[in-house]
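One structure is given here, and the rest of the page talks about it.
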Amino acid sequence: MDGNGRWAKQRHRPRSFGHRAGQKAVRSTIESCVKRGIDVLTLFAFSSENWQRPKAEVGALMELFLKALDREVDELHGYGVRIRFIGELSAFAPALHERMQRAMDKTQANGKLALNIALNYGGRWDIANAAKEVTLAIQRGELSAEAIDERSIAPFFCLADLPPVDLFIRTGGERRISNFLLWQLAYSELHFSDVLWPDYDEACLARALEDFAQRERRFGKI
Ligand code: IPE
Ligand code: MG
């Protein structure tokens, strides 16, 4: 979800104004996914690199997350959405961390959309974390180093229990992955939109899905 800052700048407003506007696009995207019967949606909300932004902007984002959690969880629960946060969550303030845990616990049995929110997430962090977990499993005698292959380490990555990622969408005009899911995107289709995130709406999502439907997926075969 990229482009909040530029959207605000175009309107001569502070960046936090753009982040607030971006929340509406989050809501509409979640609703569109529920409506269309999409099984999984993973949103990149805050990367491990975003801590390097000015303190005031990081603070404003945290405040938005907290308020959104308080406001939206019950409604999402009503839709049957299962919420999960992925990333290094221990870095967040205890109050926020606790609320995230509560949202996950409350919605864990829901069977509609699996909504994953990546917070303090980085694709390289995910890989390093999997390496650590694999090592611990070896130390416990549950896995042997000689047996390591793609299949045996796959369960240690975030989202391993969900189907492979079909479609990656980046908004805001840049053509890069910026340390989002790396392992998981190996065979995903990539779609780039120039629309700034606060303007991303149902029609934009429909265009991305149409683009996806045109792709021929060969997975290395002919
Ligand atoms: C939102 O867009 C992404 C977040 C980190 C919340 P940006 O804040 O990166 O907006 P631009 O790229 O400066 O326009
Ligand atoms: Mg950006």
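Counting convention: from 1, in listed order, for ligands and their atoms alike. Basis for what follows: all heavy atoms, side chains included, without hydrogens, waters or symmetry-related copies. Computed from a prediction, not measured in an experiment: that's the story for all the values here.
Here A45 has backbone heavy atoms under 4.0 Å from ligand 1, and that is the only part of it that gets that close. With a 4.0 Å heavy-atom cut-off, ligand 1 is reached by the side chain of N50 but not by its N, CA, C or O. Contact annotation for K9 and ligand 1: no heavy atom of the residue comes within less than 4.0 Å of the ligand.
A donor-acceptor contact closer than 3.5 angstrom is absent between the side chains of W183 and D126. Side-chain contact check for S178 and R170: at least one donor-acceptor pair (N or O, by modelled atom type) lies under 3.5 Å. Counted by atom type alone, D149 and S152 present one or more donor-acceptor pairs between their side chains at under 3.5 Å.
At distances below 3.5 Å, not a single donor-acceptor pair connects side-chain atoms of W7 with backbone N or O atoms of L196. Distance alone, capped at 3.5 Å, is enough to place a donor-acceptor pair between the N179 side chain and the G123 backbone.
Among all non-hydrogen protein atoms, the one lying nearest atom 10 (O) of ligand 1 is G5 N, 2.9 Å. Shortest contact from atom 3 (C) of ligand 1 to any protein heavy atom: M1 O, 3.1 Å.
Residue-to-ligand polar distances place D2 within reach of ligand 1: an N/O pair is separated by less than 3.5 Å. At a 3.5 angstrom cut-off on N or O pairs, R53 counts as close to ligand 1. The shortest N or O to N or O distance between L61 and ligand 1 is not below 3.5 Å. Any N or O atom pair closer than 3.5 Å counts here, and G3 shares at least one such pair with ligand 1.
Taking the six-membered ring for Trp and the full ring otherwise, W125 and F180 have centroids separated by 6.0 Å or more.
The side-chain contact (heavy atoms from CB on, under 4.5 Å) test with F212 is passed by exactly one of D166, I169, L190: D166.
Counting atoms of ligand 1 from 1 in the listed order, those under 4.0 Å from a heavy atom of R6 are 11 (P), 12 (O), 14 (O).
Residue I83 holds its CD1 atom at 9.0 Å from NE2 of H77, rounded to the nearest 0.5 Å.
Protein atoms that are N, O or S and lie under 2.8 Å from the Mg ion (ligand 2) are these: D2 OD1.
Aromatic ring orientation, F46 versus F65: perpendicular (interplanar angle above 60°, classes split at 30° and 60°).
At least one heavy atom of R15 sits closer than 4.0 Å to an atom of ligand 1.
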W51/Y121 under ring pair (Phe, Tyr, Trp, His ring centres under 6.0 Å): CA gap, chis, key distance, verdict: CA-CA 11 Å; W51 294 108; Y121 177 88; over 10 Å; no

Evaluation steps, salt bridge (Lys or Arg N to Asp or Glu O under 4.0 Å), between K35 and E31: CA-CA 6 Å; K35 205 168 76 188; E31 282 169 3; over 6 Å; no

